[in-house]
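See structure below.
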Amino acid sequence: MPKLDLNRQPMPKQEPQVRAKNFNEVALGYTPEQALAEANRCIQCPKHPCIDGCPVEVPIPEFIKALREGDMLQAVEVLKSKNSLPAICGRVCPQETQCESACTLSKKGAPIAIGRLERYVANWELNQPATSKPAVILPPTNGKRIAVIGSGPAGLTAAADMAKMGYQVTIFEALHIAGGVLMYGIPEFRLPKHIVQSEVEYVKSLGVDIKLDSVVGKVVTVDELMKEQGYDAVFLGTGAGLPMFLNIPGENLNSIYSANEFLTRINLMKAYLFPEYDTPVQIGKRIAVIGGGNVAMDSARCALRLGFEEVHIVYRRSRAELPARQEEAENAEEEGVIFKFLTNPVRFLGNKDGWVTQMECVEMELGEPDASGRRRPIVKAGSEFMIDVDIAVIALGTTPNPLITATTEGLDTTKGGTVVASETTGKTVKDSVWAGGDIVTGSATVISAMGAGKRAAASMHEALGG
Amino acid sequence: MYKILHREDLVPGIHLFRVEAPAVAAKAQAGQFVIVRVDEKGERIPLTVADWDREEGSLTIVFMEVGTTTRKMAILKKGDYILNFVGPLGLPTHIERLGTVVCVGGGVGVAPIVPIARAFKEAGNKVISIMGARSWNLLFWEERLRSVSNELTVTTDDGSYGRKGVVTEPLKEILDSGQKVDMVMAVGPVVMMKFCAKTTNPYGVKTVVSLNPIMVDGTGMCGCCRVEIGEKTKFTCVDGPDFDGHQVDWDLLLARQHIYLEAEKRSLELWEQREGRETNA
Ligand SMILES: Cc1cc2nc3c(=O)[nH]c(=O)nc-3n(C[C@H](O)[C@H](O)[C@H](O)COP(=O)(O)OP(=O)(O)OC[C@H]3O[C@@H](n4cnc5c(N)ncnc54)[C@H](O)[C@@H]3O)c2cc1C
Ligand SMILES: Cc1cc2nc3c(=O)[nH]c(=O)nc-3n(C[C@H](O)[C@H](O)[C@H](O)COP(=O)(O)OP(=O)(O)OC[C@H]3O[C@@H](n4cnc5c(N)ncnc54)[C@H](O)[C@@H]3O)c2cc1C
Ligand code: FES
């Protein structure tokens with residue numbers, strides 16, 4: 001048996017001081033030599049635990065094998081057989097808790113950098129002229145029509161799979177561009193928007209029609225789509241887009257944003273290019289971002305790039321409980337984001353014109369574990385203190401928008417507002433309606449949304465008799 | 001892309017577009033709004049539904065030139081296209097048979113009050129309307145509003161047409177006249193709506209206002225449009241835009257409308273420079 005190579009290839013990145021001032025992608029991608037070196041580390045173990053760690057079961061050893069044999073077309077084909085959005089997943093999936101944590105070499109502390117290889121293969125394909133890409137061969141249409149609501153990863157995946165099986169698919173999207181959180185939430189420097197749009201173009205190339213500017217529940221209801229417009233089935237992939245607030249005094253003062261608004265202005269509306277683009281975002285010296293997830297990291301890192309001098313992340317638990325991907329928290333810290341752990345805001349104070357000026361916080365300590373298994377933060381009595389802020393961003397998480405459930409008869413919802421659907425098939429309790437992604441799970445991940453889209457497509461196909 | 005089927009300059013600085021948008025037109029109701037984005041670099045701005053023609057598949061909007069987006073719109077012609085046009089958004093005005101309803105429209109707010117007055121009238125109410133503008137040359141749709149009202153009073157601030165004064169004066173007279181008023185609906189500038197609500201408050205007459213905070217998505221996703229109604233936070237785009245005028249925190253609404261004042265000025269200056277260059281070239 002050859003000696004194990006535990007020399008995991010690092011990802012080349014822009015230098016922290018440089019990248020903290022621009023919106024270009026932080027990761028630069030492997031060179032062909034690095035990709036080959038990393039691929040060669042894979043021991044092609046027959047048990048392939050990595051595949052079981054992947055929510056959509058990409059045949060990982062197989063695409064790595066093709067890559068190291070230099071057959072890039074084959075690598076692309078293998079990847080895309082299970083994952084229609086590899087350029088996206090290679091960049092934003094939490095591989096450290098999925099495929100890479102399952103990798104046999106993970107026990108030796110050096111799992112194969114599967115995400116980086118995936119990114120490499122997907123980028124190779126994006127850079128090929130159209131003629132050398134694997135041709136899309138579609139079966140003849142079966143005449144059945146599917147309406148997909150929402151063009152996030154769940155909707156795009158369900159649409160692509162259904163189109164590949166011969167269905168006529170229409171996506172209805174509320175915003176002026178397709179992609180969901182990939183376009184309005186995750187910033188350019190982590191996921192360049194042209195990459196999301198290439199993936200959207202791919203889905204369109206399968207014959208999927210995307211109707212933008214279409215808010216289902218307003219311009220048309222789910223029932224009308226089926227009864228009046230003749231759709232045979234509907235897939236709900238509308239995500240969890242409703243921002244949560246702290247519900248503390250002063251929260252509606254000027255310059256206090258939900259992370260959704262802050263990120264939407266910056267990413268979707270391109271406020272970082274204001275005034276070339278028309279949508280502004282407030283810029284100041286000191287900003288506090290409240291929360292500890294990916295959304296908080298993204299907001300803080302956007303703020304640095306907009307030119308804020310001091311960027312704080314205020315989180316009520318400790319570093320160990322940060323829900324963000326570790327890599328993103330590290331990136332944020334390297335770039336200069338200041339973390340204030342065990343701190344929780346209790347109110348905002350403003351000036352006479354209604355602008356926020358200060359945030360009163362309390363210190364916290366960790367008590368017994370709560371329902372989530374994480375230690376519960378408890379307020380330290382008498383620990384109140386003030387932080388000066390020009391802008392605050394509330395990044396506490398999101399819940400599903402009630403627009404669809406309120407206008408659709410016969411859907412079952414949970415107390416948290418998510419739609420009840422089978423975990424294995426995505427089928428809801430309503431006839432001909434499936435659902436998947438954040439609308440079912442609450443805020444989760446891109447890959448889990450894609451997995452749900454895939455399972456729903458398979459189930460729809462079965463129910464519609466192929 | 002949404003085609004402008006018809007354009008009309010109602011008064012200086014206020015224009016009407018009839019836009020081809022059959023799906024929106026099929027569903028639009030009085031009190032709802034659309035979100036418009038003019039071009040690739042444009043902002044998303046809300047505009048109230050002023051009318052619709054379900055047969056033609058068109059929706060009418062009336063807008064006032066105040067900043068970059070509305071200035072960009074003002075140079076579009078019949079046959080040009082608007083990039084994005086989303087709607088109908090928000091909840092429709094709650095229409096029922098109440099008895100007597102007073103409809104007040106101020107400035108550009110006269111346009112959206114017309115379909116609201118019409119709906120109240122069609123529901124069997126007596127509709128008393130009041131419309132106001134700064135001066136005679138800013139008045140439009142007087143005849144339209146008259147045709148859907150039982151009575152109409154027109155005011156101008158400078159007395160150049162109709163009654164001299166502001167809309168709250170005839171409103172107070174109606175309330176004082178002893179006739180039973182079941183509801184007041186006011187659409188217009190924030191200050192006008194605020195004073196309408198102040199006027200009716202002592203009389204205990206239900207007063208509904210159509211709020212116009214800054215918005216982004218218009219679907220409940222961002223919270224930019226939050227207002228406080230009876231100390232509860234509401235999202236105008238999904239919970240409104242109509243709210244109980246006696247419960248609105250007006251100072252908060254006014255403060256939040258001014259968040260981007262400086263940025264808006266910069267944006268407009270830049271646009272004017274660019275346009276200037278283009279016309280000179
Ligand atoms: C800032 C941020 C950073 C994140 N970072 C990561 C990360 O690094 N890795 C990761 O795996 N996950 C990350 N996530 C989570 C991930 O993006 C989501 O879990 C995923 O996008 C969910 O996909 P979805 O298809 O269910 O919904 P979404 O992506 O939310 O898409 C839903 C779409 O439906 C549309 N829609 C909603 N209502 C309607 C309606 N009534 N009619 C028509 N259309 C409608 C919306 O406009 C939207 O386009 C992040 C999320 C955020 C907000
Ligand atoms: C529900 C609703 C309905 C409206 N209906 C009408 C209408 O029928 N006719 C009409 O002329 N105006 C209407 N408005 C106001 C209109 O949206 C603003 O005048 C427009 O956004 C100005 O954009 P601008 O780029 O030209 O000006 P800017 O220079 O951007 O702004 C000028 C002023 O307009 C307001 N404003 C700016 N951006 C927004 C935004 N994205 N959303 C809301 N307000 C903003 C601010 O108070 C600002 O100070 C409505 C607003 C709302 C919320
Ligand atoms: S405009 Fe974004 S929530 Fe209302």
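A note on names: the letters A, B, ... follow the listed sequences, proteins ahead of strands, and every chain is numbered from 1.
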_Criterion side-chain contact (heavy atoms from CB on, under 4.5 Å) on B/Asp217 and A/Thr264, from CA distance to verdict_ = CA-CA 9 Å; B/Asp217 60 298; A/Thr264 298; 5.8 Å; no
*Report the C-alpha distance between A/Glu224 and B/Lys27 in whole Å, list the side-chain angles of each, state the deciding distance to 0.1 Å, and finish with yes or no for salt bridge (Lys or Arg N to Asp or Glu O under 4.0 Å).*
CA-CA 12 Å; A/Glu224 285 166 351; B/Lys27 282 297 178 76; 2.6 Å; yes
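Ranked by heavy-atom pairs under 4.5 Å with chain B, the list A/Asn254, A/Leu242, A/Thr279 is led by A/Asn254. If you tally non-hydrogen atom pairs under 4.5 Å between each of B/Arg266, B/Arg37, B/Gln32 and chain A, the highest count goes to B/Arg37. With chain A as the partner, the residue from B/Ala28, B/Pro88, B/Ala26 showing the most heavy-atom pairs under 4.5 Å is B/Pro88.
Nearest heavy-atom pair, B/Glu40 versus A/Tyr277, reported as atom, atom and distance to 0.1 Å: O-CE2, 3.8 Å. In terms of heavy atoms, A/Pro243 sits closest to B/Gly220 at CD-O, 3.7 Å. Smallest separation of non-hydrogen atoms from A/Asn401 and B/Thr219: ND2-O, 2.7 Å.
For A/Phe245, the part lying near chain B is the side chain, with the backbone staying farther off; criterion is any non-hydrogen pair under 4.5 Å. Residue A/Leu273 does not touch chain B at all, counting heavy-atom pairs closer than 4.5 Å. Heavy atoms of A/Asn252 lying under 4.5 Å from chain B belong to its backbone as well as its side chain.
In this structure, A/Glu276 places its CD atom where more than 12 heavy-atom neighbours from other residues, nucleotides or ligands lie under 6.0 Å away.
Scanning residues 225-236 of chain B against chain A with a 4.5 Å heavy-atom cutoff picks out B/Arg226, B/Glu228, B/Thr233, B/Phe235, ordered by number. Contacts between residues 249-259 of chain B and chain A, defined by a heavy-atom separation under 4.5 Å, are made by B/Leu252, B/Ala255, B/Arg256, B/His258, B/Ile259.
Side-chain contact check for A/Pro280 versus B/Glu43: some heavy-atom pair is nearer than 4.5 Å.
Expressed to the nearest 0.5 Å, how far CZ of B/Phe85 lies from NE2 of A/His176 amounts to 16.0 Å. One finds the SG atom of B/Cys224 at 12.0 Å from the CG atom of A/Asn260 (value rounded to the nearest 0.5 Å). Of the inter-residue distances, the one linking B/Ser267 atom OG with A/Asp278 atom CG reads 5.0 Å to the nearest 0.5 angstrom. To the nearest 0.5 Å, the span separating SG on B/Cys222 from CG on A/Leu268 amounts to 10.5 Å. Separating the NZ atom in B/Lys41 from the CE atom in A/Met269 is a distance of 13.0 Å, to the nearest 0.5 Å.
Between the side chains of B/Tyr2 and A/Asp213, at least one donor N or O sits under 3.5 Å from an acceptor N or O.
Side-chain atoms of A/Lys218 come within 3.5 Å of backbone atoms of B/Gly90 as a donor-acceptor pair (strictly under, hydrogens ignored).
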